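A short worksheet on the structure shown next.
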Amino acid sequence: MAILTKGPRGTQDVLPGESYKWQYLEKKMMETVKLYGFREIRIPTFEHTELFNRSVGDTTDVVQKEMYTFEDKGGRSITLRPEGTAGTLRSAIEHGLLGDALPVKAAYLLSAFRYEKPQAGRQREFHQFGVEMLGSAAASADAEVIFMVCHLFQELGIKARLELNSIGCPACRAKYQEALRNYFSARREDLCDTCKDRLERNPMRLLDCKSPVCQEIGQGAPMMLDFLCEECTAHFEQVKARLNAMEVSYTINPRIVRGLDYYTKTVFEFVSDQIGAQSTICAGGRYDGLIEQLGGPALPGIGFAMGLERILMTMEACGAAFPEERKCMAYIGSMGEAAGAKAAQLTQQLRKEGFWAECDTMGRSVKAQMKFANKLGARFSVILGDSELEQGVAKLKRMADGSVTEFRLEASPQEPGSLVKVVYDSCLEEVAGALKTE
RNA sequence: GUGGGUAUAGCUCAGUUGGUUAGAGCGCCAGAUUGUGGCUCUGGAGGCCGUCGGUUCGAAUCCGACUAUCCACCCCA
């Protein structure tokens, strides 16, 4: 029973009373990145499982235990996307976008799926906004992408701190991982169980461990930044210099280790301290080997993703303003069948002009219709009855002050004295009134 | 996957040491002279007290399991 009336665990409904916030957010995001040349890409909800194994990484938690994977009726292994980068790159490669002038800039707004235990800021179906900038290896690309996030957050009224790190290229990272293994092996027995395991597979994750013992041991661990090769060091310095030049404030956090395998060099997180434990609201970085690894040309790339649910939570916590929803323009009430038909016709005239108009579809009394009009926040109302039909004239009432203006029922919308014209004039009056007191 | 909290009306919550027909506020519906909203007043609808089992003469109340939900770990956006 309850299975019919309750959504699956970790899913969320956005109800009619809330959706305007999402619409505002999504619009703002796409509009802002458009100023930087990013255009929307739309990709499938599911992909071949292998795509995520190869890009996100076989050893990651996301691939190992969080993916919604199933076999379709054709025997293919299919996975609901756990993130947006893999599908976006696959699409860019498949359709030869990388043969065009570089860089390729794509932005997406999508839902993603991860089988995790839900908590604040974490659900099984969640929504991401992200961008991918493909083809540039220059530090200026890193800086542009990061700056764009700052720009967007400013637009949205969000405060978050930026944390930055470099995890090097495969060459210098290998040396670093070796050094880490040596360091932690000395105290192997004191590490927590998961970290003992990590020691072999992905020693960098030990730095991320929250267990007090591991953290304490990690205090003296070698730092990636000390192992960066010449090229990676230079790149990181340039990124920082660019950010400084653009007056972006950030802190270097040598402990940022992304959980997805494809990252190289620059990695960053935007963190909010107002929304609980799941505090990363935007994360991204460079992935220079990934396109080639997926069968494309040897081109570098950089991108980020942000969780819409977390962004919304942060906005609410920051007291960010959402534009008010547009209210109903006019309610055309009626009593009796003939008047009801006329009301529907007038309502339709207003709608064709682009106004939200309503008439009775519930068979309510006039009083109840007025109450409903009030609830809708209708700016104007009309009541049609037999006498209005006989005289061919009705009154448009401005709900705010009760003032009325007559209009002719049979006038065509373009004619002076028609409902449409009278509504237009009344709006103009209001605007003029609001302006002249200044 | 691990831990802790919670589960009563559409929403937010009361509910005395177990004791008859389970309450409030908001919301919804209908009235307060005949065809006009907001404020006020009156009335009404709406609950298998998360599910199953146990203790008891008697359970919303005590116990257990399950489920859901929230928070945290983990992981990540």
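Numbers restart at 1 for each chain; the letters A, B, ... are given by sequence-line order, proteins then strands. Nothing here was measured: the structure is a model prediction, and the numbers come from that model.
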For the residue pair [Y] / [X], report whether a side-chain donor-acceptor contact shorter than 3.5 Å exists.
X      : Y      : value
A:Q293 : A:Y262 : no
A:T266 : A:D142 : yes
A:N253 : A:T251 : no

- [ ] Answer yes or no: does atom CZ of A:R42 have more than 12 heavy-atom neighbours from other residues, nucleotides or ligands under 6.0 Å?
- [x]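 Count not over threshold, so no.
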
Among [options], the nucleotide that comes nearest once only the side chain of [X] is considered:
X      : options             : value
A:Q278 : B:A77, B:G38, B:C76 : B:C76
A:V366 : B:G38, B:U36, B:C71 : B:U36
A:M370 : B:C73, B:C71, B:G37 : B:G37
A:S387 : B:C76, B:G35, B:A77 : B:G35
A:Q119 : B:C74, B:G37, B:G35 : B:C74
A:R364 : B:C29, B:C71, B:A77 : B:C29
A:Q123 : B:G35, B:C71, B:A77 : B:A77
A:K117 : B:G37, B:A77, B:G3  : B:G3

Task: Donor-acceptor pair (no angle test) under 3.5 Å: A:N374 side chain, B:G37 base - done: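 Such a pair exists between side chain and base.
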
Task: Donor-acceptor pair under 3.5 Å, A:E388 side chain vs B:G35 base - done: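 Check passes, donor-acceptor contact within cut-off.
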
Heavy-atom side-chain contact between [X] and [Y] under 4.5 Å:
X      : Y      : value
A:C282 : A:F153 : yes
A:S166 : A:V267 : no
A:E132 : A:Y287 : yes
A:Y36  : A:H151 : yes

Atom [atom1] of [X] and atom [atom2] of [N]: how far apart are they, to the nearest Å?
X      : N     : atom1 : atom2 : answer
A:H127 : B:C76 : NE2   : C1'   : 17 Å
A:R379 : B:U36 : CZ    : P     : 25 Å
A:Q12  : B:A77 : CD    : C1'   : 14 Å
A:R122 : B:G1  : CZ    : P     : 12 Å
A:L15  : B:G27 : CG    : C1'   : 15 Å
A:K375 : B:C26 : NZ    : C1'   : 11 Å
A:F270 : B:C76 : CZ    : C1'   : 17 Å
A:Q391 : B:G35 : CD    : C1'   : 13 Å

Identify all pairs in which a protein N or O lies below 3.5 Å from an N or O of nucleotides 50-52 of chain B, and state each distance.
none

Got a donor-acceptor contact below 3.5 angstrom from the [X] side chain to the [Y] backbone?
X      : Y      : answer
A:R379 : A:K327 : no
A:R81  : A:G87  : no
A:Q369 : A:S334 : yes

Distance, [atom1] atom - from [M] to [N], rounded to whole angstrom:
N     : M     : atom1 : result
B:G27 : B:A9  : C1'   : 11 Å
B:U8  : B:G15 : P     : 14 Å
B:G38 : B:U51 : P     : 39 Å
B:C49 : B:U21 : C1'   : 15 Å
B:G46 : B:C41 : C1'   : 22 Å
B:G50 : B:A60 : P     : 10 Å
B:C76 : B:U17 : P     : 49 Å
B:A24 : B:G47 : P     : 15 Å

At 4.0 Å (heavy atoms only), tell me whether [X] reaches a base, stays on the sugar-phosphate, or touches nothing.
X      : value
A:I383 : base
A:G130 : nothing
A:E83  : nothing
A:A305 : sugar-phosphate
A:Q64  : nothing
A:S381 : nothing

Open item on the list: With a 4.0 Å limit, can you tell me whether A:K367 has a side-chain N or O closer than that to the phosphate oxygens OP1/OP2 of B:G37?
Closed with: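 Checking B:G37 against A:K367, a side-chain N or O does come within under 4.0 Å of OP1 or OP2.
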
Task: cation_pi(A:R124, A:Y115) dist<6.0 Å, angle<=45 - done: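 Judged by the rule, A:R124 and A:Y115 form a cation-pi pair.
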
TODO: Validate the cation-pi geometry between A:R364 and A:F372: distance from NZ or CZ to the six-membered ring centre under 6.0 Å, angle to the ring axis within 45°.
DONE: yes

Task: A:F372 aromatic ring stacked with six-membered ring of B:G37, 5.5 Å and 30° - done: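 It does not: the ring fails the test against the base of B:G37.
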
Task: Pairing stems for RNA chain B [at least three consecutive pairs; Watson-Crick or G-U; under 3.5 angstrom] - done: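 Correct response: B:1-7 with B:67-73, B:10-13 with B:23-26, B:28-32 with B:40-44, B:50-54 with B:62-66.
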
TODO: Would you kindly compare A:P8 and A:Q128 by the position of their nearest RNA chain B nucleotide and give the one closer to the 5′ end?
DONE: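 It is A:P8, whose closest nucleotide lies nearer the 5' terminus.
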
- [ ] Let me know, please, whether A:T11 or A:G121 comes out on the 5' side of the other along RNA chain B by nearest nucleotide.
- [x] A:T11

Task: Pair A:F380 + A:Y331: ring centers closer than 6.0 Å - done: no

- [ ] Run the ring-centre check on A:F355 versus A:Y424 and record whether the distance is less than 6.0 Å.
- [x]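 Centroid separation for A:F355 and A:Y424: below 6.0 Å.
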
Could you list all N or O pairs between the protein and nucleotides 65-68 of chain B that sit under 3.5 Å apart?
unit_1	atom_1	unit_2	atom_2	d
B:A68	O2'	A:K6	NZ	3.4

